[in-house]
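First up is the structure itself, then whatever we jot down about it.
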Amino acid sequence: MSVQRRFVKFLGLAAVGALSIGLAACSSSGGDGASGGEGDDLTTVGFVAVGPEGAWREANEKNIQETFTEDAGFELKYAPATNLDQKSQIDAFTSFVDEGVDVILLSATEASGWEDSLKRAQEAEIPVVLLDRGIEPDDTSLYVTRIAPDNVEVAKEVGAWAVEQFPDGGNYITLEGPAGVGVVNERNEGWDASVDGSKLVEVAAQTANWSAEEGKSVTETLLKANGNDIQLIFAQNDEMGLGAAQAVEEAGLKPGTDVKIATIDGTLAAMEALAAGQLSYVHEYNPLFGETALDVVNKTLEGESVDSYIIVPSEAFDSPEAAEAVLADRQY
Ligand code: AHR
């Protein structure tokens with residue numbers, strides 16, 4: 001990176017504060033008009049990523065890689081975790097700091113344990129942008145911004161839909177993502193904010209690790225343990241909800257009629273299942289924020305300040321008709 005850019009970057013870091021920026025249009029195409037490097041002076045971006053985890057993650061990481069291209073002025077160094085292991089992420093993060101990349105993008109497999117790494121990046125004057133996943137404790141002085149849909153708000157909306165569907169109450173189970181992942185805590189917080197005080201009764205909450213296979217096996221077990229007396233399933237992502245639908249059917253129950261299933265993500269398989277009546281509610285958690293991330297990186301390296309949390313708009317779908325209306329245009 002040119003000396004001039006480094007100096008501007010240092011000034012930019014000093015000026016980082018809370019000033020909103022408009023969300024760039026979220027799309028899967030590469031950024032246009034980006035002010036990354038020129039020629040061989042590309043802006044180097046270390047992407048500490050999650051790696052293979054499911055359809056949402058695949059769409060998100062593909063979108064980032066399709067946005068931070070050489071044509072846009074970037075050299076993106078993609079570092080997926082090894083089997084979702086945080087140590088492999090911390091090792092990659094450390095390597096990027098030692099290498100002196102211009103900026104680091106971090107999607108954390110675990111919310112805690114990042115303070116030392118983030119402080120090292122700060123000492124090296126390397127800005128860090130959180131993608132999707134937050135950190136706990138949330139020290140906003142340690143990173144430029146977090147770009148994600150608002151998990152608490154999304155889950156609140158799922159909970160509000162559930163309460164509306166069951167005015168006289170009902171038994172439900174929650175299929176959670178892995179323990180220790182920030183978005184799981186945020187989704188529980190939002191759901192509880194809507195459901196606490198309603199007539200809905202949680203009979204079990206258990207992780208199914210974002211997976212369809214585990215979503216099915218956990219649901220099978222919980223249906224048996226509760227004599228099939230479950231009317232609602234809140235699955236914190238699509239894959240677990242799709243697995244739960246299989247278990248509901250294999251228990252001789254009808255998804256959407258005997259058991260309503262609500263999920264978060266909005267991937268194509270879930271939208272197709274909503275259209276078919278297998279799922280009853282899908283809240284999008286839009287993964288296509290690559291252009292917003294590129295805008296944030298350019299603004300940060302040019303010394304402009306950005307808001308400490310940039311919320312990616314995401315919409316809810318609550319009927320087969322709503323799903324059918326958008327299926328043809330889904331980008332993930
Ligand atoms: O952090 C976002 C979550 O991670 C998605 O909801 C889930 O599908 C992914 O694995």
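All ligand and atom numbering here is 1-based and tracks the order in the structure. Note that these values count all heavy atoms, side chains included, but never hydrogens, waters or copies made by symmetry. Being a predicted model, the structure only gives us computed values, none of them experimental.
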How far is atom 6 (O) of ligand 1 from its nearest protein heavy atom, and which residue and atom name does that atom have?
D265 OD1, 2.6 Å
Sub-4.0 Å atoms of ligand 1 with respect to non-hydrogen atoms of W56:
8 (O)
If you measure only the distance, is there a donor-acceptor pair under 3.5 Å linking the side chains of Q236 and T174?
no
V183: numbered ligand 1 atoms lying under 4.0 Å from its heavy atoms:
1 (O)
Near Y285, which atoms of ligand 1 are under 4.0 Å from a heavy atom of that residue?
2 (C)
Which heavy atom of the protein is the closest neighbour of atom 10 (O) of ligand 1, given with residue, atom name and distance?
E53 OE1, 2.7 Å
Against heavy atoms of D132, which atoms of ligand 1 measure under 4.0 Å?
1 (O), 2 (C)
Answer yes or no: is there a donor N or O on one side and an acceptor on the other, between the side chain of S194 and the main chain of K156, under 3.5 Å?
yes
Using a 4.0 Å heavy-atom threshold (strictly under), name the region of R187 that reaches ligand 1: side chain, backbone, both or neither.
side chain
Measure the distance from atom 4 (O) of ligand 1 to every protein heavy atom, then report the residue, atom name and distance (to 0.1 Å) of the closest one.
R133 NH2, 3.0 Å
So F74 and F68, would you call those rings parallel, tilted or perpendicular, with 30° and 60° as cut-offs?
perpendicular
Check whether the side chains of Q231 and D258 place a donor and an acceptor atom closer than 3.5 Å, and report yes or no.
no
Side-chain donor-acceptor pair present, Y143, D138, cut-off under 3.5 Å:
yes
Considering the heavy atoms of R57, write down every atom of ligand 1 situated less than 4.0 Å from one of them.
1 (O), 2 (C), 4 (O), 9 (C)
Quiz question: by atom type and distance under 3.5 Å, do the side chains of Y285 and D132 form a donor-acceptor pair?
yes
Under 3.5 Å, is there a donor-acceptor pair between the side chain of S198 and the main chain of L200?
yes
